[in-house]
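Report on the structure given below.
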Amino acid sequence: MSKRNDTQKEKFIQKVGRVLAWPISHEKWQSISIPLYSILLSFIAAAIVILLIGKNPLQAFFNLLQGAGIMPKPSYAAYKSMFTDFLSLLNAMTPLVFASLAVAVAFKAGLFNIGVSGQMLFSGFLATIIVGYSGLDAMIAKPLVLIIGIAAGALMGGLVGWLKYKFNINEVVSTIMLNYITQYVVSFFIQMYYIDPVSRQSRYITEESRLTLVNVEMGNLKMDIPLGFILAIIVAILLKFVMDKTVLGYEIKTVGTNRNAAKYAGMNVGKNTVLAMVLSGGLAGLAGVTYYLGYFASIQPKVLSSIGFDSIAVSLLGNSNPIGVIFSSFLISVINQGNTYMSSMAGIRQEIASVIVGLILLFSACGAYLKYKVSRMKEKDAERKEGQE
Amino acid sequence: KDNEAGSDDGKKGLKIAIVTSPSGVDDGNFNEDNYNGILSFIEKNSDATVKAIREETGDPAAAVQAVADIVADYDVIVTPGFQFAGISSIALENPDKKFILIDSEPAAQGEQKEFDNIYAMTFAEQESGFFAGMAAALETKSNKVAVVNGIAYPSNVNYQFGFESGVNYVNAVYDKKVEVVELPAYAGVDVNNEDVGGNYVGTFSDEATGKVVGNALIDEGVDIIFVAAGGSGNGVFTAAKEAGGDVKVIGCDVDQFDDGVNGSENIVLTSGLKVMSTNVEKSLNSIVDGSFKGGNVVLQADTDSTGYVKEEGRHQLSEDTISKIDEAYKLVKEGKVVPASNFNGHTPDKFPGL
Amino acid sequence: MSDYIVEMKHITKRFPGIVANDDVTIQIKKGEIFALLGENGAGKSTLMSILGGMYEPDEGEIYIRGEKVQISSPNHAAKLNIGMVHQHFKLVEDYTITENIILGVEPIKKFAGLFPYVDIRNANRIIKDLSKDYGLEVDPTKKIEDLNVSMQQRVEILKVLYRQAEILIFDEPTAVLTPQEIDYLLTIIEGLRKAGKTIILITHKLDEIKKVADRCAVLNKGKLIDVMDVKTTSTKQMAQLMVGREVTFESEKRPAEFKEEVLKVDHLTVKNEDGFEVVKDVSFSIRGGEIFAIAGVADNGQVELADAIAGLTKVSSGNIFLNGKDITNESVRKRTESGISYIPEDRQSYGLVLDFDLATNIGLKEYYREPFSKGGILNKEAFHEHGSRLIEKYDIRSGQGIKTQVRSMSGGNQQKAIIAREIELQSPLMIFVQPTRGLDIGAIENIHKMMIQERDKGKAILLVSLELDEIMNVADTIGVIYNGQLQKIASRDTLTNNEVGEYMMGAKHE
Amino acid sequence: MDTVIIDGLSFALPLFIMAIGGIYSEKSGITNLAIEGFQGFGAFIGALSVVLIANFSGTDVQNLFYLALLFSMIGGMVFSVLHALLSIKFKANQVISGVVINILALALTTFLTTQINSLVFGATSDKFQLGVSERFTIEGLANIPVIGAVFTNIYPFEIIIIVIAVLAWYVLYKTKYGMRLRASGDNPHSVDAAGVDVAKIRFGAVLISGVLSGLGGMCFAYSISANFSSSIYMGYGYLAIAALIFGNWKILPTLAACLLFGFARSGGTYIGQLMELPSSYTDLFMILPYVLTLFLLIFFSKSNRAPRALGEIYDKGKR
Ligand SMILES: Nc1ncnc2c1ncn2[C@@H]1O[C@H](COP(=O)(O)OP(=O)(O)OP(=O)(O)O)[C@@H](O)[C@H]1O
Ligand SMILES: Nc1ncnc2c1ncn2[C@@H]1O[C@H](COP(=O)(O)OP(=O)(O)OP(=O)(O)O)[C@@H](O)[C@H]1O
Ligand SMILES: [Mg+2]
Ligand SMILES: [Mg+2]
């Protein structure tokens with residue numbers, strides 16, 4: 001009797017499982033549907049958290065979108081509109097895209113670049129002191145900032161790759177060490193030579209060298225135009241192409257998956273390891289300059305941007321796929337950007353936003369499991385059908 | 001405490017927002033003191049509301065952005081901290097909004113340094129430092145006292161010079177031989193690149209190094225330390241607590257007595273104050289009664305805006321010490337004693353009233 | 001009670017795209033040696049994995065000693081006294097032999113009556129004794145990473161015996177052993193039977209079956225074809241049943257026509273990672289149209305020699321010439337381009353990227369040039385086309401064609417994929433290291449044919465094999481390696497099996 | 001000079017115990033970047049528990065030192081369940097899981113600290129105030145020149161850590177569980193084939209790592225600031241990982257690495273004090289441990305080898 005009940009219960013669970021799994025059961029769409037599903041789950045979880053503290057989750061999410069410039073707010077300050085909010089969203093998102101791409105590239109080569117923050121800081125700092133205070137013309141300064149950013153980041157990334165290849169130094173350790181070293185050294189120089197006593201961080205860079213055009217007046221709006229954003233999109237698409245369609249990408253992936261086989265196939269493992277880190281570092285450098293000379297215009301001493309760590313998770317959420325990374329960065333940026341407004345309107349503490357981000361990342365880390373479960377379920381179904389025939 | 005006080009948004013009262021640095025309005029310290037001023041205002045003006053908003057990076061640009069994000073929805077924005085100096089641009093764009101900026105002057109916009117809709121208050125830190133220095137010099141048993149700061153920004157140097165002035169004042173007036181201990185390795189270099197001595201941790205957020213500095217001073221025989229070093233100061237507190245015995249600290253900015261609990265004892269002798277809450281409340285009142293006037297003001301003892309804690313149960317000063325400090329307080333108020341600050345042209349060894 | 005100790009009835013097991021076992025029924029008597037035979041991918045390993053508790057069958061029933069069981073895990077199988085010796089050893093390299101054997105069934109003692117600890121010392125003794133009893137002598141305190149393959153296999157067998165297995169499954173135990181080691185293993189297997197154990201043996205080598213097995217089941221594409229009595233069946237019949245056509249064991253081969261010298265190895269010395277000389281002062285040359293085979297017992301430097309020629313290992317002294325050009329310090333890529341194909345010994349960690357699909361793996365060596373890529377841009381079409389062609393041509397079987405993830409392919413078919421790729425490079429020099437390891441006889445025959453075909457096209461072929469039969473079968477010239485040194489180079493026709501065997505053991509010098 | 005040793009030890013030992021946790025996890029095959037999160041969450045729970053107990057029982061927080069340590073271990077363990085679930089049950093990428101957990105730990109503990117302070121204690125504060133830990137000196141031994149400093153001004157937790165470290169060594173190398181654990185990190189298939197549940201072993205290892213990290217976090221909270229706040233997330237978790245990799249995943253060499261960090265840190269400060277450079281130079285001395293590590297790694301990394309199966313998602317079907 002109870003046994004029968006059990007099987008009925010089991011069947012019911014299976015049915016529920018199948019219904020729940022249906023949206024992500026189509027293999028072809030899984031690379032999109034699974035992250036979406038994870039996000040959905042995390043928002044449900046976040047909604048529960050918000051309900052628990054006695055607020056209305058729907059309103060909160062709506063406020064989040066309003067704050068991020070996706071939905072209109074009921075009132076705007078002078079010179080502001082949904083459009084300017086949206087632009088600042090893009091502005092904030094730009095470094096995150098670059099940083100996540102940096103992580104993704106290294107990841108493809110089987111390396112964990114935990115040092116994105118350090119690379120960002122290093123390149124941001126160099127660009128700041130070389131160009132930021134130089135008074136160069138915008139036409140020269142902006143490209144120069146990009147070049148210095150890429151070069152500095154690539155140099156530092158390359159160093160990590162080289163240490164790994166030459167001395168077998170685990171890149172997780174070397175990047176952690178370099179993070180600290182950069183943080184302290186840069187802080188030292190800022191405190192000694194570049195400090196602005198009022199803001200207590202490095203002096204502001206010139207408008208000309210800044211990668212975001214700030215307070216551009218158009219109509220009755222003042223907007224911040226993130227030049228780096230367009231670059232980020234182009235770079236992501238380019239990277240996607242490089243990874244999927246070129247010899248370089250193929251080599252990096254092979255080295256990342258099986259070093260021995262790569263060597264056997266005639267690939268230069270050392271070169272590819274260093275190259276992947278150079279690429280990753282270069283991207284981190286871009287993240288650095290768009291952050292310190294774009295979104296911001298100065299550097300806080302002794303602070304490593306948390307973007308370096310967030311990007312690890314963001315890149316996973318985007319499946320280490322450059323295009324996916326654009327979307328995942330967008331999502332995380334919406335939450336980060338919208339949260340001030342959400343807090344103001346819904347009276348929910350900002351920390352909740354971090355908790356939501358954490359939840360999203362948590363659920364998306366389980367994407368592989370979802371995929372596995374679904375395919376198992378489908379196998380079972382297929383077998384059952386065959387059995388019946 | 002919820003970060004929403006007052007009640008319904010439907011009412012017509014003053015809509016206030018307070019935007020703070022990452023530590024939030026419940027940091028039990030600087031931000032909270034400002035917040036308390038608002039709450040106290042709301043208690044008397046029950047149709048007013050306040051929302052507390054925390055900016056998470058602590059970066060000035062982000063801080064300004066956070067204000068810009070929400071400015072449309074409020075009448076008054078209270079912004080405690082130097083990070084918010086940049087709100088002057090928003091103030092220009094939104095002349096119908098009022099801003100109360102604490103502990104910083106607004107960033108200049110072109111030539112303009114003062115703004116009609118920004119009331120920016122800074123405090124004469126050297127005065128608070130002065131009272132702290134007197135307290136230390138009067139209470140020390142080892143005749144060695146010290147001040148620990150974060151970085152040699154003007155506000156910190158003001159505290160340091162004020163403290164040293166206070167000690168020197170006591171030495172001169174009450175014929176004591178109290179030494180202000182300075183560790184050469186932690187000498188500060190001020191914004192004009194001048195060596196100002198003192199004990200600077202080098203950062204406001206490193207408790208560990210703060211503790212190292214605290215321990216080094218205690219090793220030198222110092223028994224009273226004035227701590228004006230932000231987060232790094234917690235480390236000094238810990239060092240004092242671990243040292244036990246007679247080592248005491250003097251808090252800074254707000255009453256830090258609660259942070260001094262050490263088992264059944266308390267290590268906080270007293271605290272040097274910036275009186276922010278009442279000043280915030282005052283200027284909110286001025287908005288309501290229409291007397292609000294923008295501008296940059298330095299608040300001093302003459303408005304009871306600087307001082308020290310002598311409230312029963314919140315300090316461990318002797319009656320005698322209190323009366324001596326209060327005497328000096330009067331002189332400071334009257335401008336007869338002017339403790340040295342970073343840029344007022346006086347030095348701790350030579351200032352009016354010494 | 002039934003006569004059978006193991007009965008697997010109507011077993012069906014499906015994997016995506018393939019039915020690995022299709023309604024298979026086998027019954028095994030206590031105390032017999034039961035052989036399983038079948039082409040690569042026929043489902044032998046799968047069937048035995050089911051018995052060993054690794055997989056659960058989709059359909060069918062299993063009876064052990066007449067009792068119906070559901071074997072849910074290897075642990076459960078061990079409780080039923082079933083033990084499996086996998087072909088890919090499951091050993092902890094960092095551990096000693098003892099530690100590996102007792103893992104999971106550790107003997108515990110207490111220190112000061114309080115702190116339990118694993119009693120290694122006692123276990124060492126027990127294992128020493130056990131290994132003596134079965135003629136599997138080992139030094140229990142040695143680490144696995146210091147052992148050669150045949151020793152590692154002994155550890156696997158001891159592991160099973162230590163757990164008191166009555167039913168022992170061997171999955172291709174001889175594929176990695178030298179002829180001498182094989183003989184030894186077979187005696188051990190017979191000894192085990194004498195000790196009352198029941199043995200199931202998967203192998204592709206018919207003479208081994210003939211030698212020790214009592215009965216033999218033949219699988220084909222997941223289906224049971226027949227179970228026969230080994231005594232009354234000839235190897236030819238078995239082979240025919242398995243492949244479905246007649247198989248010739250001797251390769252037809254015209255006399256060789258030697259052309260220009262292609263490879264010249266001159267006083268080559270190679271050191272391993274620990275700085276130990278593993279190839280010592282080796283010199284030889286291969287002409288076009290020649291199959292030069294290196295005979296030798298495993299671990300005598302032949303793999304390092306091949307690696308050195310292919311550029312995977314650094315040379316410490318001496319030179320290598322290809323078509324007269326010194327390539328000693330060239331990169332792997334340069335060598336491949338100057339004309340070297342290489343089938344490495346370790347197919348899974350060198351020859352293939354297991355996580356990539358078949359088409360990508362088949363293009364692994366040519367991806368950077370036309371038509372696979374142009375100006376640094378890959379051409380997926382070319383990969384697919386090339387892959388499909390080779391799958392067809394070399395009869396590579398897999399669940400989903402060129403899109404199959406290589407990891408899911410049977411070992412034999414993985415090997416075929418590598419062979420196809422390397423032969424298609426059409427390099428003047430082809431290095432084949434153990435090309436037929438783990439392949440079924442049909443496939444072996446095919447590969448031998450192909451090697452001879454390439455030879456006849458004028459290619460120089462360097463064959464490294466542990467199997468004397470294979471060498472005697474296809475080689476034109478034989479070099480015997482022992483302890484890193486070439487003991488003897490001579491024409492195939494001037495050597496007998498025995499002579500080569502003696503050189504291989506280092507018993508005879510030039 | 002004494003302070004170099006005293007401060008060095010009080011920093012090195014908590015780091016060491018966290019690194020041992022990392023060794024457990026990584027030796028079992030699970031990459032553990034989540035130490036940072038574990039130690040923070042552990043310290044959070046430890047601090048919260050004693051603050052609550054003190055509040056409701058009227059005891060002085062000062063006397064709850066050992067309870068705080070205990071609860072921090074429990075807290076670290078509870079939080080580590082997340083990493084275990086994610087990387088073992090849900091087959092998530094372990095590095096990512098670690099990073100996500102760190103992000104979550106920071107967000108959750110800061111949020112909860114202020115929330116609980118206001119809801120439960122009606123106080124507005126972003127920290128939990130702890131009592132300070134006592135320190136003691138072993139009289140006779142303390143008088144030995146130089147070495148004496150080791151026995152001077154000891155935090156009780158230093159002794160506890162050493163005892164636990166010995167215990168950890170014993171379990172890892174002498175017991176059946178330890179043997180299976182190390183095997184799981186080398187070749188999980190062999191462990192599986194031996195009838196041992198790899199997932200369970202690894203789950204246990206990650207939990208142990210949570211326990212030890214929690215303890216480490218609490219010790220830092222006591223030794224540095226005598227309170228719990230988000231400033232506990234100083235990157236020491238990552239430093240512990242660097243130490244264990246530097247120590248080649250072995251307990252004793254890892255101790256050496258931690259001591260190196262500790263002494264280089266306090267030594268750097270000491271040199272700074274000796275040279276009497278102004279405070280702005282402190283930053284330069286702070287890099288000493290990290291530069292030293294990088295430099296030494298150049299010589300020691302060649303022979304470094306991670307557990308063979310580290311970071312691989314164990315899937316029975318795969319070989
Ligand atoms: N876990 C699995 N997932 C998917 N397919 C599998 C799996 N295991 C085996 N197969 C497929 O099942 C078929 C039978 O494989 P099996 O390993 O049993 O063959 P085999 O007879 O042992 O071959 P070989 O002689 O090459 O060892 C093969 O086509 C193989 O690709
Ligand atoms: N994760 C997997 N997915 C698909 N197939 C798998 C997987 N793991 C193992 N297999 C298949 O399972 C089968 C059994 O593996 P086993 O270790 O017995 O090797 P085998 O087939 O005998 O290989 P070999 O030919 O090298 O002896 C193989 O066919 C292998 O390809
Ligand atoms: Mg098989
Ligand atoms: Mg096989």
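Within every chain, numbering begins at 1; the chains are lettered A, B, ... in the order of the sequence lines, protein sequences first and strands thereafter. Just so it is clear, the model here is predicted, and its values are computed rather than measured.
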If one checks every heavy atom of A:Asn336 against chain B at 4.5 Å, the contacting part turns out to be neither
Minimal heavy-atom distance between A:Ser343 and B:Ile53, with the atoms involved, is OG-CG1, 3.9 Å
Under 4.5 Å to a heavy atom of chain A? For B:Gln83 that would be neither
Turns out that what part of B:Ala107 lies under 4.5 Å from chain A's heavy atoms comes down to neither
Value for CG (A:Asn215) from CD (B:Glu93), rounded to nearest 0.5 Å, stands at 6.0 Å
All heavy atoms of B:Ile70 vs all of A:Tyr341, minimum pair found to be CG2-CA, 4.3 Å
Exercise. Kindly check if the number of other-residue, nucleotide or ligand heavy atoms within 6.0 Å of CG (A:Asn56) is above 12?
Key: yes
Take B:Ser205 and A:Lys302 through the test side chain to side chain contact (heavy atoms under 4.5 Å, CB included) and record every step on the way to the result. CA-CA 9 Å; B:Ser205 57; A:Lys302 227 174 262 175; 5.5 Å; no
| When you look at CZ of A:Phe83, are more than 12 heavy atoms from neighbouring residues, nucleotides or ligands closer to it than 6.0 Å? | no
Applying a strict 4.5 Å limit to non-hydrogen atoms, the region of A:Ser305 in contact with chain B is neither
Whatever's closer than 4.5 Å to a heavy atom in chain B on A:Ser306 counts as neither
From the list A:Gln300, A:Arg200, A:Gln201, the residue making the most non-hydrogen contacts under 4.5 Å with chain B is A:Arg200
Given A:Ser344, A:Pro197, A:Ala77, the one with more heavy-atom pairs under 4.5 angstrom with chain B than any other is A:Ser344
Requested in this report: Using a 4.5 Å cut-off on heavy atoms from C-beta on, say whether the side chain of B:Val71 contacts that of A:Lys80.
Outcome: no
Comparing B:Thr203, B:Val191, B:Asp73, B:Asp59 against chain A, the one with the most heavy-atom pairs below 4.5 Å turns out to be B:Asp59
Closest heavy-atom pair, B:Phe82 versus A:Val198, reported as atoms and distance to 0.1 Å, is CD1-O, 3.2 Å
Checked A:Met192, A:Lys73, A:Gln337, A:Lys222 vs chain B; the most non-hydrogen pairs under 4.5 Å come from A:Lys222
Honestly, the part of B:Ala17 sitting under 4.5 Å from a heavy atom of chain A is neither
dist A:Tyr295:OH -> B:Thr57:OG1 (nearest 0.5 Å) comes out at 7.0 Å
d(A:Met345 CE, B:Asp69 CG) to nearest 0.5 Å is 12.5 Å
Cut-off 4.5 Å, heavy atoms of chain A, and the answer for B:Ser89 is neither
On a heavy-atom basis, the closest approach of A:Ala78 and B:Asn94 is N-OD1, 2.7 Å
All heavy atoms of B:Ala61 vs all of A:Tyr204, minimum pair found to be N-OH, 4.5 Å
Practice task
State, yes or no, whether a side-chain contact exists between A:Gln191 and B:Ile151 at a heavy-atom distance under 4.5 Å.
Solution key: yes
Separation between CG (B:Asn193) and CD1 (A:Ile195), nearest 0.5 Å, reads 11.5 Å
Okay, B:Tyr74 and chain A: the region with an atom under 4.5 Å from a heavy atom over there is side chain
task = Return yes when atom CZ of A:Phe189 has more than 12 non-hydrogen atoms of other residues, nucleotides or ligands closer than 6.0 Å, and no otherwise.
result = no
